[in-house]
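Just so it is clear, the model here is predicted, and its values are computed rather than measured. Below, all heavy atoms of this structure are taken into account, side chains as well, without hydrogens, waters or symmetry copies.
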Amino acid sequence: MILQESFYQQDVITVSKELLGKILVHQSKEGTTTGRIVETETYRGPEDQAAHSSGGRRTARNEVMFGKKGVAYVYFIYGLYHCFNIIAGDVPGKPEAVLIRALEPMAGKEIMTKRRGQQIKIANLTNGPSKMCMAMGISKSQNKIGLTAPPLCIKEAPLVPQKEIVETTRIGVDYSGEWKSKTWRFYIRDNRFVSIK
DNA sequence: TGCACGATTCTCT
DNA sequence: GAGAATCGTGCAA
């Protein structure tokens, strides 16, 4: 069962928590890779100063945030890396998104290892927002594509119980003033693939 | 047109 | 724990 647009049309915090445990699938020409989502972060918009959409800022880069829910927002960062987000929220046209920060590798580990470099250990394959993009083969060519059908989609899986979800502050947003202290980062307790414990 | 910087990662100390 | 790598983007000029 692939998650449909209605799943992403819930409150963005709810979507962030419920995405934990779900399965990200990418069918590429090199083969299919899948991973269980173990860490997410919420970016609200326009009020959230940590978000690209802060202040209602709308540019060519973040244009997709203002569009349909359940669509991928992939951006290039630090001149080297990519980050993968999913547009979500219960208000149409409000620029909010969920950043996928880490996965637990499932199918296609050989392909992921090949993409990341042969020396990489399994534990370091997907434990960070840019690492998981490299392992899953996600780049700007996946920007703006819908996640409700292959080749890139998210499959249904049982909800992770609230008591196994850790809520903490977001990473790498020290510039955002009071917004940096929002506990909008969620991960599965004791999972070894979480980026930072 | 120019320029400072980032929702990161890796390497070296 | 510090510093480098490396360039598209956003905003000032």
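A:Gln162 and A:Glu167 share a side-chain donor-acceptor pair at under 3.5 Å. Checked by atom type, the side-chain pair A:Arg185/A:Thr168 shows no donor-acceptor distance below 3.5 Å.
By the 6.0 Å contact criterion, NZ on A:Lys94 is enclosed, its count of non-hydrogen atoms from other residues, nucleotides or ligands being greater than 12.
Atoms CD1 and CE, on A:Ile111 and A:Met136 in that order, are 10.0 Å from each other to the nearest 0.5 Å. Between the CH2 atom of A:Trp179 and the OG1 atom of A:Thr169 there is a distance of 15.0 Å, given to the nearest 0.5 Å.
Taken residue by residue, residues 124-140 of chain A places heavy atoms nearer than 4.0 Å to DNA chain C at A:Lys140. Proximity of residues 46-57 of chain A to DNA chain B (heavy atom under 4.0 angstrom from any strand atom) is restricted to A:Ala50, A:His52. DNA chain B lies under 4.0 Å from at least one heavy atom of each of the following residues of residues 89-103 of chain A: A:Leu99, A:Arg101. Taken residue by residue, residues 59-82 of chain A places heavy atoms nearer than 4.0 Å to DNA chain B at A:Tyr75, A:Ile77, A:Tyr78, A:Gly79, A:Tyr81.
The cationic group of A:Arg170 lies under 6.0 Å from the six-membered ring centre of A:Tyr43 and within 45° of the ring axis, placing it in a cation-pi geometry. In this structure, A:Arg58 is positioned above the aromatic face of A:Phe66, its NZ or CZ under 6.0 Å from the six-membered ring centre and within 45° of the axis.
Separation of the C1' atoms belonging to B:dC5 and C:dG3 is 16 Å when rounded to the nearest angstrom.
A salt bridge between A:Glu104 and A:Arg192 is absent, with no side-chain N of the basic residue lying under 4.0 Å from a carboxylate O of the acidic one. Taking 4.0 Å as the cut-off between side-chain N and carboxylate O, A:Glu5 and A:Lys69 do not count as a salt-bridged pair.
Of all heavy-atom pairs between A:Pro105 and A:Ile122, the closest is CG-O, 4.4 Å. Between A:Ala135 and A:Leu125 the shortest heavy-atom distance is CB-O, 3.7 Å.
Interface limits on DNA chain B: the 5'-most and 3'-most nucleotides within less than 4.0 Å of chain A heavy atoms are B:dG6 to B:dC10.
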Open item on the list: Wobble G-U and Watson-Crick pairs count when both distances are under 3.5 Å; given that, what is the 5' to 3' dot-bracket string of DNA chain B, with | for pairing to other strands?
Closed with: ||||||.|||||.
TODO: Kindly indicate, with the supporting measurements, whether the criterion side chain to side chain contact (heavy atoms under 4.5 Å, CB included) is fulfilled by A:Phe7 and A:Glu18.
DONE: CA-CA 9 Å; A:Phe7 172 84; A:Glu18 296 197 357; 3.6 Å; yes
Open item on the list: If you apply the rule salt bridge (charged side-chain N to carboxylate O under 4.0 Å, His left out), what do you find for A:Arg44 with A:Asp11, and how did you get there?
Closed with: CA-CA 10 Å; A:Arg44 311 208 73 157; A:Asp11 173 82; 3.4 Å; yes
- [ ] Evaluate side chain to side chain contact (heavy atoms under 4.5 Å, CB included) for A:Ile188 paired with A:Glu39, printing each intermediate quantity in order.
- [x] CA-CA 7 Å; A:Ile188 300 178; A:Glu39 182 178 356; over 6 Å; no
Open item on the list: The test is side chain to side chain contact (heavy atoms under 4.5 Å, CB included); show your working for A:Ile87 and A:Tyr8 and say whether it passes.
Closed with: CA-CA 7 Å; A:Ile87 307 310; A:Tyr8 302 102; over 6 Å; no
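Residues A:Tyr75 and A:His52 bring their aromatic ring centres within 6.0 Å.
If you run side chain to side chain contact (heavy atoms under 4.5 Å, CB included) between A:Ile154 and each of A:Ile86, A:Ile2, A:Ile23, only A:Ile86 comes through.
If you find the closest nucleotide of DNA chain B to A:Arg116 and to A:Gly172, the one lying nearer the 5' end belongs to A:Gly172.
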